[in-house]
2 protein chains.
Amino acid sequence: MLGAMQDWTMRVTHVIDHAAREAGTREILTYWADGTETRTDWAGIRRDALKMAQALQKLGLNPGDKVASIAMNHARHLVSWFGVAGMGGVLHTVNPRLFEDQLEYIINHADDRVVIYDAMFQPIIDKMKDRWPNVEHYICFDSGEHTTAFEDWIGAEDGNFEWVEGSERDPCMICYTSGTTGNPKGVQYEHRSTILHAMAGLQPSALNCMTSSVYLPVVPMFHAASWGLPYAGAMAGMKFVFSQVNDPAVLDMLMKREKVTDSAGVPTVWLAHFQYCDANNLELPKLRAATIGGSAAPKFMIERLMKNGTRVQHAWGMTETSPIGTVGGPTHDWDELSFEDKVAKTMMQGRPIFGVELRTVDLDDPTKVLPRDGETSGALQIRGPWVVKRYFKAEEDAVTEDGWFNTGDVGMLHPDGTLQLTDRTKDVIKSGGEWISSVELENAAVGHPAVAEAACIGMYHPKWDERPVLFVVKKDGQDCDDKSIVNFLSDKVAKWWLPDAVEFVDDIPHTATGKISKKDLRDRFSDYKLPEA
Amino acid sequence: MLGAMQDWTMRVTHVIDHAAREAGTREILTYWADGTETRTDWAGIRRDALKMAQALQKLGLNPGDKVASIAMNHARHLVSWFGVAGMGGVLHTVNPRLFEDQLEYIINHADDRVVIYDAMFQPIIDKMKDRWPNVEHYICFDSGEHTTAFEDWIGAEDGNFEWVEGSERDPCMICYTSGTTGNPKGVQYEHRSTILHAMAGLQPSALNCMTSSVYLPVVPMFHAASWGLPYAGAMAGMKFVFSQVNDPAVLDMLMKREKVTDSAGVPTVWLAHFQYCDANNLELPKLRAATIGGSAAPKFMIERLMKNGTRVQHAWGMTETSPIGTVGGPTHDWDELSFEDKVAKTMMQGRPIFGVELRTVDLDDPTKVLPRDGETSGALQIRGPWVVKRYFKAEEDAVTEDGWFNTGDVGMLHPDGTLQLTDRTKDVIKSGGEWISSVELENAAVGHPAVAEAACIGMYHPKWDERPVLFVVKKDGQDCDDKSIVNFLSDKVAKWWLPDAVEFVDDIPHTATGKISKKDLRDRFSDYKLPEA
Ligand SMILES: Nc1ncnc2c1ncn2[C@@H]1O[C@H](COP(=O)(O)O)[C@@H](O)[C@H]1O
């Protein structure tokens with residue numbers, strides 16, 4: 001050795017050690033479902049994580065073993081992120097809204113040996129227990145009624161424990177995709193990928209995590225590691241405000257009382273918040289920033305938050321990308337832009353953070369890489385250290401020969417690197433050899449005063465291959481007909497994009513993560529025939 | 001393999017690839033010594049770095065080979081950071097202010113095969129050439145008068161080049177310590193340590209690098225990698241404003257005209273800037289933040305910048321730590337602090353960023369780790385992925401058995417993690433078994449209206465072991481005597497700290513990096529005898 005820097009294995013235990021040491025007294029607040037609140041701090045999280053790691057070893061768990069959590073956002077869930085990783089284990093954060101078959105499949109597929117859950121999910125446990133033959137232990141985060149309570153379980157330990165060491169490529173978490181087709185697929189987040197993702201994510205142009213941040217992540221801890229926020233927040237020494245419930249009244253109260261600076265969540269969270277504030281004549285909370293992801297935020301939402309003085313930014317990503325791919329932080333020319341231009345930029349998905357790379361390829365010929373011209377849209381691909389290479393237990397890699405992961409999203413890249421999503425590969429409609437974006441049609445349609453929700457799918461057409469059909473849920477007490485809608489759309493999209501039919505329905509099916517389920521919609525209308533023109 | 005994230009070798013070429021791709025047109029401005037200016041951008045830097053890597057290969061350089069730069073801050077110097085690393089080489093950034101013996105030693109010790117220099121340093125080249133027998137090629141960054149000009153050299157290439165790959169633990173840069181005793185020591189920055197350091201450094205609570213930043217680093221690129229700013233800036237897609245000269249008139253003009261948001265440098269830079277603005281009745285530039293390091297900024301400087309609306313923060317570190325150890329970004333309770341408390345906090349050295357860890361140990365018994373109580377001061381130690389383990393070509397590691405590097409600084413840690421430096425281990429004065437901080441005595445003394453500069457060293461004392469002697473340079477046209485100074489100090493430090501003698505001198509010796517050289521002062525006064533009390 002001719003000289004070297006120090007060896008340092010990237011393990012997430014460094015993250016909690018840092019937070020406890022440098023921000024030990026910075027608060028972690030939890031609002032529980034029963035209306036009570038508890039406060040701990042980073043030193044407390046670490047102390048409990050050490051006890052939990054000890055307790056897991058006593059249960060006979062070994063490095064590499066998996067522990068499932070079925071839980072909302074709270075401090076004890078946070079403890080388990082570091083407690084499981086700290087004994088060398090892998091935390092499997094389960095989405096409680098999954099269907100029973102999916103729940104059965106993923107817990108068995110992951111070989112989970114322990115399940116830790118919130119009392120509100122006791123019905124799930126009761127129903128599923130027999131279908132999870134390999135689960136050896138059940139612990140309840142917030143009640144001792146049916147099984148050991150978390151606090152009693154770790155309370156029996158003294159916390160005198162040394163983190164288990166290992167390779168930085170060891171997994172520390174596994175998240176399953178919601179799987180619109182076939183079984184859900186497991187993505188193993190590694191210690192190394194997790195640390196790199198969090199370090200990149202906390203930068204000013206992205207999640208902008210700093211010591212003074214007071215962060216309320218509405219995005220669930222079971223959804224793609226809550227966008228890595230718990231790790232990034234620990235690195236930055238932020239204060240966290242967690243709520244076990246997503247009731248807008250509670251979120252509003254917490255944001256105002258705790259002077260929350262930042263929040264992150266899917267657009268529907270803000271819809272509910274707007275409704276709550278409007279119904280009760282309340283002002284919106286004055287956040288520094290709202291990061292929105294999971295699906296695109298509608299224009300009026302972006303405008304209203306921006307007018308309220310909040311920096312609004314999309315984050316785009318997916319379970320397979322840890323999840324952050326792009327973030328729409330303010331561009332360098334931000335201050336010179338008009339309000340309209342700011343809104344237009346904010347409606348896009350943002351720019352890739354250091355570490356990941358994007359490209360688009362032709363939808364028909366994936367060997368053809370498309371120009372970053374802000375015009376040509378194609379299939380979006382991504383690569384980087386926190387992007388999946390191979391799904392858990394898969395026989396083959398999930399990437400192209402040259403290492404790109406196919407996101408299933410359709411969009412275009414602008415010359416400045418901004419990603420603009422237009423659709424999902426599966427949902428884009430091929431008409432006469434050209435592509436129609438179902439999402440753009442939907443977004444345009446919800447601008448109609450009588451439309452509550454709209455979903456567009458392609459239906460078989462003998463001549464054009466596929467033609468768009470729009471399914472519409474009307475707003476309560478509002479009426480309109482198909483002509484009014486097509487007429488409304490006619491100056492918003494190309495003429496040949498206009499739907500061949502508009503069908504009014506009572507409801508549109510959704511996935512477990514709250515997105516429109518086009519698969520279910522297609523199933524429901526599998527016998528649908530386009531009207532003869 | 002049961003599932004995995006993608007492989008991604010941490011190489012600094014990823015950094016320039018990212019900047020060129022995502023911030024390709026973001027400007028890099030250079031103000032040259034002859035008063036001309038040139039503008040390029042991140043895409044241009046990458047294009048030229050590819051050509052430079054090609055040109056280096058044509059000269060016969062192999063991965064691991066070293067290239068020296070003797071240059072100020074400018075875009076071509078930046079090109080060489082990525083061009084050398086991109087062909088697998090190691091850039092040795094040389095401080096042109098080193099003494100001839102040191103210049104001879106380090107270039108030979110590093111085995112530099114190529115030297116690239118600024119025309120203003122031609123006298124150094126002329127004087128040293130014969131003493132550098134192993135240097136095969138000389139290139140001049142900004143002139144073709146004496147040897148090949150950089151632009152001609154890389155201009156002959158087409159840039160059709162693939163970055164040389166390698167291990168993430170390969171070195172990409174070597175920096176030598178200024179070496180107050182013995183020969184300078186080489187610290188090899190690795191690709192991995194460089195990337196981790198830059199990712200941690202750009203966070204909001206530290207260097208706060210974002211897309212909208214316009215950064216003028218006054219800290220030289222030859223001084224500890226310019227605090228990693230070029231890498232962090234490329235990751236964030238910042239605009240850089242470089243100046244080949246440190247003339248305050250030029251810096252002031254550039255800061256105002258280019259709307260510079262951030263600057264970084266040693267305190268003396270700001271002293272000169274104040275004087276320039278005062279003499280010319282100009283306002284100070286309105287920076288978003290000024291990061292100050294290298295030595296402690298005096299109180300009046302911090303106050304004046306803060307009152308001007310600039311966030312002021314110390315960064316503490318050293319060549320051996322890449323260099324960032326701590327940064328004094330605003331604490332979470334910042335907004336509630338009084339101006340005085342803000343200034344007091346800002347005078348300290350800040351808090352460790354994620355990745356590095358600090359501790360203090362007893363000055364007499366280094367096995368005794370001291371409490372982080374904000375009171376007990378001791379020898380400061382650090383460890384982490386961007387801290388040196390072994391100096392270049394050294395026979396032994398530079399760290400303790402449990403992996404800590406001894407910084408040679410003396411200070412204390414506060415409970416919230418803040419570092420407060422009080423002295424250097426070598427300069428602290430041992431009197432009757434207790435320690436006196438030479439730096440605190442100096443800082444107090446420069447508050448005296450007639451004192452321009454002060455340096456304090458310990459002199460042998462038969463009873464007390466050592467006693468402080470203060471060397472003072474008077475301000476032009478000001479007079480005072482030793483009694484007036486001791487009197488001035490008497491309500492600022494403990495009585496037993498008061499110097500046994502005050503000696504007036506015409507000048508105080510400085511090191512190549514502009515710090516007071518106590519070693520030279522001690523040499524100059526090696527025959528000094530304390531007055532009999
Ligand atoms: N900011 C966003 N805008 C639009 N769609 C998004 C955004 N973020 C995520 N998505 C969609 O959500 C998918 C990932 O879902 P999931 O793996 O469940 O997180 C992506 O592939 C996108 O289709």
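Computation of the quantities below employed the complete heavy-atom set of this structure, encompassing side-chain atoms and omitting hydrogens, waters and symmetry-equivalent molecules. Numbered from 1 within each chain, the chains take letters A, B, ... in sequence-line order.
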What part of Arg383(A) gets closer than 4.5 Å to chain B, counting heavy atoms only: side chain, backbone, both or neither? both
Check whether Phe392(A) gets within reach of chain B through its side chain, its backbone, both or neither, counting any heavy atom under 4.5 Å. both
Side chain, backbone, both or neither of [X] within contact of chain A (heavy atoms, under 4.5 Å):
X         : answer
Asn208(B) : both
His14(B)  : both
Pro330(B) : backbone
Glu395(B) : neither
Arg372(B) : side chain
Ile382(B) : backbone
Val15(B)  : both
Ile195(B) : side chain
Asp7(B)   : both

Distance in Å, Met5(A) CE paired with His197(B) NE2, rounded so as to fall on 0.5 Å steps: 8.5 Å
Point-to-point distance, once rounded to the nearest 0.5 Å, from CE of Met210(B) to CD of Gln203(A): 10.5 Å
Quick one: of Lys239(A), Arg351(A), Met238(A), who has the most non-hydrogen atom pairs under 4.5 Å with chain B? Arg351(A)
Flag the pair Glu336(B) and Lys259(A) as a salt bridge only when some basic side-chain nitrogen lies within less than 4.0 angstrom of an acidic carboxylate oxygen. no
